[in-house]
Amino acid sequence: MDDQTRMMTGLTGLGGLAQADVGDPDSVRKQQSLGQPQQDIGDILQQIMAITDESLDEAQARKHALNCHRMKPALFSVLCEIKEKTVLSIRGVQEEDPPDPQIMRLDNMLLAEGVSGPEKGGGSAAAAAAAAAAGGSPTDSSIEHSDYRAKLAQIRQIYHSELEKYEQACSEFTNHVMNLLREQSRTRPISPKEIERMVAIIHRKFSSIQMQLKQSTCEAVMILRSRFLDARRKRRNFNKQATEVLNEYFYSHLSNPYPSEEAKEELAKKCGITVSQVSNWFGNKRIRYKKNIGKFQEEANLYAVKTAVDAANVSAQASQANSPATCCTFYSCFVFFNYMFYM
DNA sequence: AGGCATGATTGGAC
DNA sequence: GTCCAATCATGCCT
């Protein structure tokens, strides 16, 4: 007997029960033993429709009678088996879907930003890096840093409280549906496997809602981060001493104003700025000097004299011979290099 | 407010 | 990767 035939037989049997024989096992036996013709499917549908016209008490009584019927367990298991084969087997395999790559991306990002996972000052590395790149004073960067962390903590808090709400709602709803299905399983064929499947469906639905929450949280973090990183554009002029150190190096190496990596590191250390800021400064300085040597002449002379005096002092300390001629020699050399290099 | 100074960024060449 | 050149964006001075 194929599934379809068995199902029809099952329905026919129930149809017979629904019509008149519920509560009267003998009648069923009589029908079966006498081999009465199967009722038309139209009759069965009519009977089902007629149930809606019944009063609640009548329906309850019928339900009770049905539950007590001796054929019920057998019919129930047949229907479960048919459902298992026709419906669950079709969907079963495909529903084992792999983890969504988008959710994985969102999870990774939230973890990296310190929104999900253990709280350990997430994003502070980014904040520190941005603060360093901004080249602001330690006070400024620490203010911005703490502001960033406070806002991130706020996002984190909202995210976790919403997540908790979703999880609670999901668990409540799952329990509710499970209870409902268990209750219904007394009157219609619902196998435990089907209940499990329903739970999985609910979890998937809630997980898609969770994804929206994760997406919004990621967006909020990105906005916060971009705002924070935009602070880089809030240019701060280097302090006077730093500019002086850089200019001294520039004008004393005018013949080749390209500091080595080591020299850049040394200058960065002296000036309290980053190596890339030193590189930027020299890049800007070279191009601006080259474009308008005349404008920088006075500055160049000033630093040349300063360098010369410093060198002379060092020399004097060494040889006790501090002659003005030394200054003149250094200055001459400077002017010579200056014009040779850039003219 | 406007103009200049200056640090940062970007795109192309090497 | 560095460097140059152009450009942007902001700071600062008048």
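Given the structure is predicted, the values throughout are model-derived calculations rather than measurements.
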**Q** Quick one: side-chain contact (heavy atoms from CB on, under 4.5 Å) partners of A:Leu163, sequence neighbours excluded?
**A**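 Expected list: A:Tyr159, A:Glu167, A:Gln210, A:Leu213.
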**Q** List for me each residue that meets side-chain contact (heavy atoms from CB on, under 4.5 Å) alongside A:Glu261, sequence neighbours excluded, and say none if there are none.
**A**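 A:Glu261: side-chain contact (heavy atoms from CB on, under 4.5 Å) contacts with A:Lys264, A:Glu265, A:Val275.
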**Q** In whole Å, what is the span from the CZ atom of A:Phe296 to the C1' atom of B:dA5?
**A**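 Result: 9 Å.
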**Q** Rounding to an integer number of Å, can you tell me how far A:Asn239 CG sits from B:dG7 C1'?
**A**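 My rounded result for the distance is 14 Å.
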**Q** Does the side chain of A:Arg236 get closer than 4.0 angstrom to OP1 or OP2 of C:dG11 through an N or O atom?
**A**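 For C:dG11, OP1 or OP2 has a side-chain N or O of A:Arg236 closer than 4.0 Å.
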**Q** For a salt bridge (Lys or Arg N to Asp or Glu O under 4.0 Å) check, start with the C-alpha distance between A:Lys285 and A:Glu299, then their side-chain angles and the critical distance, and finish with the verdict.
**A** CA-CA 12 Å; A:Lys285 190 73 182 180; A:Glu299 187 182 68; 2.7 Å; yes
**Q** To the nearest Å, give me how far apart CG (A:Asn237) and P (C:dC12) are.
**A**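 The distance from CG of A:Asn237 to P of C:dC12 comes to 6 Å, rounded to the nearest Å.
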**Q** From OH of A:Tyr289 over to C1' of B:dG7, roughly how many Å is that when rounded to an integer?
**A**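 After rounding, the gap between these two atoms is 21 Å.
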**Q** In chain order, what residues pass the side-chain hydrogen bond (donor to acceptor under 3.5 Å, both in side chains) check against A:Glu244, with sequence neighbours excluded?
**A**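 None.
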**Q** Please tabulate the protein-to-nucleotide N/O contacts below 3.5 Å involving nucleotides 1-5 of chain C, giving atom names and distances.
**A**
residue: C:dC3; atom: OP2; partner: A:Lys264; partner atom: NZ; Å: 3.2
residue: C:dC4; atom: OP1; partner: A:Tyr258; partner atom: OH; Å: 2.2
residue: C:dC4; atom: OP2; partner: A:Arg286; partner atom: NE; Å: 2.5
residue: C:dC4; atom: OP2; partner: A:Arg286; partner atom: NH2; Å: 2.9

**Q** Sequence neighbours excluded, which residues qualify as side-chain contact (heavy atoms from CB on, under 4.5 Å) partners of A:Glu196?
**A**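 For A:Glu196 there are no side-chain contact (heavy atoms from CB on, under 4.5 Å) partners, ignoring immediate neighbours.
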**Q** Suppose we screen for side-chain contact (heavy atoms from CB on, under 4.5 Å). Which residues come up paired with A:Cys170, at least two apart in sequence or across chains?
**A**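 side-chain contact (heavy atoms from CB on, under 4.5 Å) check on A:Cys170 returns A:Thr174, A:His203, A:Phe206.
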**Q** What is the distance, to the nearest angstrom, from the NZ atom on A:Lys285 to the C1' atom on B:dG7?
**A**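 Going from NZ in A:Lys285 over to C1' in B:dG7 covers 13 Å.
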